[in-house]
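Shown next, in structure tokens, is the structure this report addresses.
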Amino acid sequence: MTKAKPAAFEYEFGGPVGALATTLALPVVIMLLAHWSDAGSVTTTDLLDYTADQRFWDAVQQSAVLCPSCDETALLVKCAAAVIGWFLFQVVLERFLPCELVLGSPIAADGNKRLTYRINGHLAFWVTLLVVQTGWPVWHEASQTYQLEGFPLHYLYDYYTELAFCTILLCVVLTTYLYVDSFVGDKILAEGGNSGNPFYNFFIGRELNPRIYSFDWKEFCELRPGLLAWMLLNAACMKQQYDAQGYVTGSMILLNVFQGVYVWDALYQERAILTTMDITTDGFGFMLVLGDLAWVPFTYSVQARYLVKHDPHLGYPALAVILTIYIFGYLIFRGANGQKDAFRRNPSDPTLSHLTFLQTKRGTKLLTSGWWGMARKINYTGDYIMGLTWCLVCGFDSIVPYYYAIYFMILLIHRSIRDDHMCQTKYGDDWQAYKRLVPYRFVPGIV
Ligand code: NDP
């Protein structure tokens, strides 16, 4: 059990002040983006004028932006019930669908014990789509029978901001519960979440792998309710565009396909999450709870929401170029992540025998050719290229859809620095040797 603050502990994210500021700011940013993606067509200059506009701040003060429908308690209660219902539906799928039991990484703070995870996210993905498509039995008073009723997708668009608000509240409640529960009994604590500062611990998360019996909060939330909600929010925006205009634009179709593939890919490769720093290192605090459950679905769907009212009506040549860039990004992303995952699972895999590697004193091997010989974070580059295409389908009239390109660049640079630091601690001199063999971080020959 990790009780004391480790001697070599170093704050990240700007320490307690940064953690507190981020905790307070992120929910506000989610609500502002929800508002702006609807208001939409603003240039960079207009955006500055817009935020300087008294009407905007009046709306903020009247809670219309930060707490939509705050004066309609009954509506907010229904939205909160929908958010909780959605979460529980995904819990039921995780618990009762057939699964593969997979061991996680050894936990150093717990004598290298390995937790078992239920891997059935890919099946949950398809079952969710099936249920949304076919509906579920609903009791009809008139006929006194159960009848299949389709998923009311349009509610996701109509009450987007209310659902975002209620999801943020759920995140606050869940993080508070996890934080308090981490003091009960002998829990394995995350190194960063055991800093001695409550704000920082609340943000990073105290307990490393909070569980109720075999239900793992962190692994479950990383991939299911948020990612699948994101896909449905996108679909709701596509439906709204069709209902309003009688057709769906090329940008909207491409965006739904691009992001749908991204969600599918994450769930298809579910077991790969078990070796990420989110699972192995960070606690399950506000950073990941809000990130997984609210930030991902409600800010990653900003482009789809923007397109409903502000579609740039790009022509086929532009769409073809964007599609080509996306495929290029996806090939790098999938190629690099798949190669490392296969190598980590079985370094003697005959299909990888052509690759060179560095044998480390720690025991594991670091790839020095193939994708991982080009740049140390080539997988991030592929991911970023894909993300850029999500913005490009929105044209250049507004900066709002480009929030993702800005945010994701900051996230990936910061994450690469964190990982570099962790690898330096893990591998020592070997990491320096690896960096000499693979000197570039993101783009071979450039950066
Ligand atoms: P990585 O997949 O890059 O994994 C980093 C780890 O891989 C290192 O700690 C090290 O761990 C191992 N490793 C590093 N170099 C090598 C090498 N040369 N050979 C073999 N193993 C190596 O990290 P992430 O979990 O951050 O990212 C996974 C994917 O998820 C990325 O594509 C990223 O873009 C994406 N992502 C997307 C987000 C989003 O919001 N859309 C957010 C975060 C990530 P060890 O040696 O211990 O195995």
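Here, residue 1 is the first one in the sequence, and each next residue gets the next number.
His414 meets the side chain to side chain donor-acceptor pair (under 3.5 Å) test with no other residue; sequence neighbours excluded. For Leu412, the side chain to side chain contact (heavy atoms under 4.5 Å, CB included) test picks out Tyr380, Tyr384, Phe408, with sequence neighbours left out. Residues forming a disulfide bond (SG atoms under 2.5 Å apart) with Cys70 (at least two apart in sequence, or on another chain): Cys67. By the ring-ring contact (aromatic ring centres under 6.0 Å, His included) test, Phe284 pairs with no residue at all, sequence neighbours left out. With sequence neighbours left out, Lys309 forms a side chain to side chain donor-acceptor pair (under 3.5 Å) with Asp38.
Side-chain contact between Phe396 and Pro312 is absent, with no heavy-atom pair separated by less than 4.5 Å. Under the 4.5 Å side-chain criterion, counting only non-hydrogen atoms from C-beta, Val261 is in contact with Tyr326.
Judged by the 6.0 Å distance and 45° axis criteria, Arg271 is not positioned over the aromatic ring of Tyr117. A cation-pi geometry, defined here as NZ or CZ lying under 6.0 Å from the six-membered ring centre and within 45° of its normal, holds between Arg305 and Tyr157.
Looking at Lys218 and Asp292, no side-chain N of the basic residue comes within less than 4.0 Å of a carboxylate O on the acidic one, giving no salt bridge.
Using cut-offs of 30° and 60° on the angle between ring planes, the pair Tyr403 and Trp295 is perpendicular. Note: His122 and Trp126 have perpendicular aromatic rings, judged against thresholds of 30 and 60 degrees for the angle between ring planes. In this structure, Phe202 and Phe286 have parallel ring planes: the angle between them is below the 30° cut-off, well short of the 60° mark. Between Trp390 and Tyr300, the angle of the ring planes lies from 30° to 60°, which puts this pair in the tilted group.
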Show your reasoning for whether side-chain contact (heavy atoms from CB on, under 4.5 Å) applies to Val83 and Cys79.
-> CA-CA 6 Å; Val83 169; Cys79 288; 5.5 Å; no

Please test Thr249 against Gln241 for side chain to side chain donor-acceptor pair (under 3.5 Å), starting from the C-alpha separation and ending with a verdict.
-> CA-CA 8 Å; Thr249 62; Gln241 195 189 51; 3.3 Å; yes

Does the pair Asp397 and Tyr306 meet the rule for a side-chain contact (heavy atoms from CB on, under 4.5 Å), with working shown?
-> CA-CA 11 Å; Asp397 287 342; Tyr306 172 85; 4.0 Å; yes

Stepwise salt bridge (Lys or Arg N to Asp or Glu O under 4.0 Å) check, Glu219 with Arg211 | CA-CA 10 Å; Glu219 200 272 341; Arg211 286 186 160 208; over 6 Å; no

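A donor-acceptor pair is defined here as one N or O able to donate and one able to accept, closer than 3.5 Å; such a pair exists between the side chain of Arg118 and the backbone of Glu94. A side-chain donor-acceptor contact under 3.5 Å links Thr425 to the backbone of His421.
Expressed to the nearest 0.5 Å, how far CH2 of Trp217 lies from OG1 of Thr175 amounts to 10.5 Å. To the nearest 0.5 Å, atoms OG1 (Thr389) and CG (Leu319) are separated by 11.5 Å.
Side-chain contact, Ser251 with Gln303: no donor N or O sits under 3.5 Å from an acceptor N or O. For the residue pair Tyr160 / Ser301, a side-chain donor-acceptor distance below 3.5 Å is found, with atom types taken as modelled.
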Could you pull out every donor-acceptor pair under 3.5 Å between side chains of residues 330-339 and any protein atom, sequence neighbours left out?
residue, atom, partner, partner atom, Å
Tyr330, OH, Asp265, OD2, 2.8
Arg334, NE, Asp265, OD1, 3.4
Arg334, NE, Asp265, OD2, 2.7
Arg334, NH2, Asp265, OD1, 2.7
Asn337, OD1, Asn379, ND2, 3.0
Asn337, ND2, Phe333, O, 3.3
Gln339, OE1, Trp371, N, 3.0

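Atom CZ of Phe199 has 12 or fewer heavy atoms from other residues, nucleotides or ligands within 6.0 Å.
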